[in-house]
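Take a look at the structure set out below.
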Protein chains: 2
Amino acid sequence: MTEQPAPTTTAGEPATARGEQTRQLIRNTALRLFRERGYAQTTMRAIAQEAGVAVGNAYYYFGSKDHLIQEFYAQSQVEIRAAAQPVLDREEAFGARLAGVLHAGIDVLTPSHDFAATFFKTAAEPTSPLSPFSAESSAPRQAAIDLFAEVLTGSTAKVDAELRPQLPELLWLAYMGVVLYWVHDRSAGQVKTRQLIDGVVPLIDRLVALSRLRVLRPVTRQVFDLIRTLRH
Amino acid sequence: MTEQPAPTTTAGEPATARGEQTRQLIRNTALRLFRERGYAQTTMRAIAQEAGVAVGNAYYYFGSKDHLIQEFYAQSQVEIRAAAQPVLDREEAFGARLAGVLHAGIDVLTPSHDFAATFFKTAAEPTSPLSPFSAESSAPRQAAIDLFAEVLTGSTAKVDAELRPQLPELLWLAYMGVVLYWVHDRSAGQVKTRQLIDGVVPLIDRLVALSRLRVLRPVTRQVFDLIRTLRH
DNA sequence: GTCGGTAGTTGAACACGTTCAAGAAAGGCG
DNA sequence: CGCCTTTCTTGAACGTGTTCAACTACCGAC
């Protein structure tokens, strides 16, 4: 009675140079077409034809059409990291660093907004390997969390001792929230998302500072207990 | 270059008793099969066959397979409301009322966890009429928000004047968060979600109380400004 | 009662994602 | 060079959601 009986074929990593080349060819063709036509409008047949290979060949390297999205995901991760680097080198204030990373994320993603929205659909499915919470995407997820750890460690912010180890993951979660908003954001150039970032960063900044406040001790304690329980 | 060219056909509301009957028949058959086999494993052909109609007939009433999910959505809404009623009649404390409604939601949804997870995938797509944020689902959304308004108005809680009008919608948003967690929750019987609710309700309760606190004035002000900006 | 129009119904046909048995190319080994 | 194994490639075929032109049932008006 379970949904999605489990993936039938795991796409193999190429073992030869020829294979690697074909893999890249299909990958790049797919990403280009996704950007040009959107995800739904890009058929596997079109990808194969444009890449000059047979349909089945694409399935030798990528388990499904959805798996091609993972390539987009991975590439974006790298680009975001690169786009955020200058800010991380320059800024020392926690808020500025956080804002820098979040804006870098949107900078990179914006050109692909229409396509990325559809991609998010697939990512939202819990059983999908594309889910940001899934085991399969634990590598890119950890890379993202590490980025937020760097936001924190490179900053001058004084953070509550109990909060500090949890914070990178919480920031990543907030980032997921921003992306969720961005995906639904139909304002021109996704300006609203920019406003969300600029509004929410000082808020987080302030909350992090407040976390050391006496009155809030019980609340923060409560939050951490909950997180600990849920983490398992 | 936009994704999803816009729905081609809007499914017509039945105008005769015969039509209404067929519509219900298809609807009920579909919901039953979804529950029995899961969403992906239920084909439109199977629905039609079990209902004793032609495939095309289902499309006369429901624009797509996804639209059948909306029926599930609507029915759940009604059941949740009913399940929450006793608690709303009995309890006066804000926390107890909120917990009651949230638990009622999970109570109703739990039998369909596997299926509902898949359904959530479709709901996550921004362009989908099924998205909880979309115009098409504004009716059920408003009904849900009203439920949370009732949680508030029937309670003895003292709430900051500025927060009060915003709170129902914020609670609904929190509810969406709970559902998102629930969908990803693979613990037996979704126990973790229960823990989340029991952990997060006192937290919200406390935060609502704190909202009147002097020190937090700037923070709450900041939050409301942000919300106002984003609302448009 | 018959006629005309609206509401409802049909199932073959289409395009898509995906599979798979068959074969081609490449590489290693004597 | 010839042989075997692994890696890669092919495209026809399957099952799916969806469409649509043709058809039937119903109902009000005359």
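Order of the sequence lines sets the chain letters (A, B, ...), proteins ahead of strands, with each chain counted from 1.
Residues B/Val55 and A/Met44 both approach DNA chain C. Their nearest nucleotides, taken by heavy-atom distance, put B/Val55 toward the 5′ side. Closest-nucleotide positions on DNA chain D for A/Arg18 and B/Thr16 were compared, and the one nearer the 5' end corresponds to A/Arg18.
One atom, CZ of B/Arg23, and another, C1' of C/dT9, lie 17 Å apart when rounded to the nearest Å. A/Gln21 places its CD atom 16 Å from the P atom of C/dA25, with the value rounded to the nearest Å. Protein atom CD1 of A/Ile26 is 7 Å distant from nucleotide atom P of D/dT9, rounded to whole Å. Look at CZ on A/Phe62: it is 15 Å from P on C/dT19, rounded to the nearest Å. For the pair A/Lys65 NZ and C/dT19 P, the interatomic distance rounds to 14 Å; values are reported in whole Å. To the nearest angstrom, C1' of D/dA12 lies 16 Å from CG of A/Asn57. Remark: P of D/dG17 and CD1 of B/Ile47 are 8 Å apart, rounded to the nearest angstrom.
A salt bridge between A/Asp107 and A/Arg194 is present, with a side-chain N of the basic residue lying under 4.0 Å from a carboxylate O of the acidic one.
Side-chain atoms of B/Ser187 and B/Asp185 form a donor-acceptor pair, as typed in the model, at a separation below 3.5 Å. Counted by atom type alone, B/Gln75 and B/Glu71 present zero donor-acceptor pairs between their side chains at under 3.5 Å.
Contact check, A/Thr22 against D/dC8: no side-chain N or O comes under 4.0 Å of OP1 or OP2. The shortest distance between the side-chain N/O atoms of A/Tyr59 and the OP1/OP2 oxygens of C/dT18 is below 4.0 Å. Proximity of B/Tyr61 to the phosphate of C/dT9: a side-chain N or O atom is located under 4.0 Å from OP1 or OP2.
You'll find that the side chain of B/Tyr60 is closest to C/dG8, out of C/dT18, C/dG8, D/dT10. For B/Pro14, whose side chain is taken as the heavy atoms from C-beta onward, the closest listed nucleotide among C/dG8, D/dT18, C/dT18 is C/dG8.
For the pair A/Lys65 and A/Phe34, the NZ or CZ position fails the cation-pi test of under 6.0 Å to the six-membered ring centre and within 45 degrees of the ring normal.
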(message) If you apply the rule side chain to side chain donor-acceptor pair (under 3.5 Å), what do you find for A/Arg35 with A/Ser112, and how did you get there?
(response) CA-CA 6 Å; A/Arg35 251 183 266 260; A/Ser112 329; 3.2 Å; yes
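Side-chain to base pairing of B/Arg45 with D/dG15: no donor and acceptor N or O lie closer than 3.5 Å to each other.
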